[in-house]
Amino acid sequence: MRIVLFVLLGMLGTLGCATPTHQTTVSPALLGPPVAKQIHHESNAHEATRVDPYYWLRERANPDVVSYLEAENSYADAMMKASSRLQEDLYLEMVGRINEDDSSAPFRMGGYLHYSETQKGKNYDIHHRASLDGTEDKVVLDENIEAADSPYFAVGVVEFSPDDRWMAYSEDRLGNERYTMKFRDLSTGKNLADEVRETYYSAAWSSDSKHIFYTRVDAANRPFQIWRHEVGTSDDKLVFEEADESFHLSVQSSRSGDFVFIQLQSAVTTEYWAIDASNPTQSPIVITPRKPGVEYYVDHSGQYFYVLTNENAQNFKLLRVSFERIIDKTAWETVV
């Protein structure tokens, strides 16, 4: 209520206290919100026609779109101007409750501990790699340095190779969630000339530390493909593609590091495919084919895949099966 009154009083002050001059500038707030023009556009899909008169606003490079968004911003600034002091007070109060100097819990990967930290006055994470005995602690990626003066910057993935030599990380400088993956030699701290463009959030290394699997998106920004990249080359290979638009996919390493998993997920259905991480060029093998309404999640330890599923188990059950007998359903054992 106090915020509403504050804004109303500010607007009344603007209306009642303005002094007429020969060069009066009309506030965008008094002109009302900008109204987007309507252009007839039809989309045909699934045996249905959808009319969207605002489809033209998808055209980011269209000068009319830019002008309209600038008008929206001007109107928002004018409407919020009276509460600018309150906005600043709220921001300072929220920042005052945040521990700006903080670090994550370290996790072990290979022969090192990895963790990230934030520092007061800096906008981005700083990634560290430390020796197990605590004698060495090195910054391997400072996002603040990478961002420099870029108007937008975000890191998608940070993945370390099994041999502790490479760090693969991806960055987005446009805000469109299309990331460029880069490779850093951790012994020198320098990046390779090798880059992979148009990647998405997930990635996983092969056991030989020479190949990395990554995702790509379609025109609707749905992750639908898995690709394999060999470090230092440009001959990437398509590994998997999902045509069903209700599914999106990701790629990840098993906790054991012995397998690379491709996970497909819709609202209530999942499916996993596995690749032997020591044989990265092999075709993926399905763990168990998808069934509508059946969710399952997979990991690997020792000689078994462990599968958590709700098939014939409303509150889920845990199964296990060896890689060699995965297609034999009679070999699947119930653990819990």
Side-chain angles (χ1 to χ4, degrees), residues 107-111 157 159-164 168 200-216 222-230 236-336:
F107 64 92
R108 180 172 179 173
M109 180 175 291
V157 300
E159 295 289 342
F160 298 91
S161 63
D163 64 0
D164 295 320
Y200 201 55
Y201 285 108
S202 60
W205 285 95
S206 62
S207 297
D208 61 10
S209 300
K210 295 180 180 179
H211 301 85
I212 190 166
F213 297 86
Y214 62 91
T215 51
R216 276 190 169 153
R222 175 183 69 96
F224 79 122
Q225 289 179 336
I226 301 295
W227 288 73
R228 185 182 68 248
H229 174 76
E230 184 174 357
D236 290 16
K237 303 296 185 183
L238 177 63
V239 175
F240 190 95
E241 181 172 336
E242 176 54 49
D244 189 335
E245 295 180 357
S246 66
F247 282 84
H248 63 268
L249 54 76
S250 62
V251 63
Q252 63 194 57
S253 296
S254 64
R255 292 194 183 189
S256 66
D258 294 337
F259 289 89
V260 171
F261 291 135
I262 299 172
Q263 182 195 37
L264 295 97
Q265 188 161 13
S266 68
V268 293
T269 306
T270 61
E271 184 178 75
Y272 273 75
W273 294 68
I275 300 171
D276 185 343
S278 64
N279 187 10
T281 60
Q282 76 167 185
S283 298
I285 298 172
V286 67
I287 300 295
T288 187
R290 71 188 70 170
K291 294 180 181 179
V294 173
E295 299 176 65
Y296 71 94
Y297 306 91
V298 183
D299 213 331
H300 175 264
S301 179
Q303 58 180 315
Y304 292 107
F305 285 124
Y306 287 87
V307 181
L308 185 68
T309 179
N310 68 346
E311 185 173 17
N312 301 320
Q314 182 176 351
N315 295 311
F316 287 84
K317 60 184 175 182
L318 182 65
L319 309 174
R320 73 178 185 181
V321 62
S322 65
F323 179 67
E324 294 76 14
R325 302 188 65 187
I326 197 167
I327 62 173
D328 180 8
K329 286 298 182 180
T330 64
W332 289 55
E333 305 173 52
T334 300
V335 180
V336 180

Does any N or O in the side chain of [X] come within less than 3.5 Å of the main-chain N or O of [Y], such that one atom is a donor and the other an acceptor?
X	Y	answer
Thr215	Pro223	no
Asn310	Glu295	yes
Thr309	Tyr296	no
Trp205	Glu159	yes
Thr269	Gly293	yes

### Query
How many angstroms lie between OG in Ser250 and CD1 in Ile226, if you round to the nearest 0.5 Å?
7.0 Å
### Summary
The reported gap from OG in Ser266 to CD in Glu245 (rounded to nearest 0.5 angstrom) is 13.0 Å
### Task
Quick one: list whatever passes salt bridge (Lys or Arg N to Asp or Glu O under 4.0 Å) with Asp276, sequence neighbours left out.
none
Taking all atoms of both residues into account, what is the closest heavy-atom pair of [X] and [Y], and its distance?
X	Y	answer
Val286	Trp273	N-CE3, 3.3 Å
Ser207	Gly257	OG-O, 3.7 Å
Ala277	Ser206	O-CB, 3.5 Å
Asp164	Gly110	OD1-CA, 4.0 Å
Tyr306	Arg320	OH-NH1, 3.7 Å
Asp328	Thr330	OD1-OG1, 2.5 Å

### Query
So does Lys317 have more than 12 non-hydrogen atoms from other groups sitting under 6.0 Å from NZ?
yes
### Query
So does Leu318 have more than 12 non-hydrogen atoms from other groups sitting under 6.0 Å from CG?
yes
I'd like to check [X] versus [Y] (side-chain heavy atoms, cut-off strictly below 4.5 Å). Are they in contact?
X	Y	value
Tyr297	Gln263	yes
Tyr272	Leu264	no
Val260	Pro280	no
Phe213	Ile262	no

### Query
Just checking, is any N or O donor in the side chain of Thr281 or Lys237 under 3.5 Å from an acceptor N or O on the other one?
no
### Query
Among all residues two or more places apart in sequence or in another chain, which pass the side-chain contact (heavy atoms from CB on, under 4.5 Å) test with His300?
Ser254, Ser256, Asp258, Phe259, Phe261, Phe305
#### Entry: side-chain hydrogen bond (donor to acceptor under 3.5 Å, both in side chains) partner of Gln225, the single match among Glu242, Arg216, Glu241
Glu241
### Residues in side-chain hydrogen bond (donor to acceptor under 3.5 Å, both in side chains) contact with Asp236, at least two apart in sequence or another chain
Tyr214, His229
### Query
Does Phe247 have Arg290 sitting over its ring (NZ/CZ under 6.0 Å from centre, angle to axis within 45°)?
yes
### Task
Check Thr270, Thr288, Val307, Leu308 against Val298 for a side chain to side chain contact (heavy atoms under 4.5 Å, CB included) and give me the one that passes.
Val307
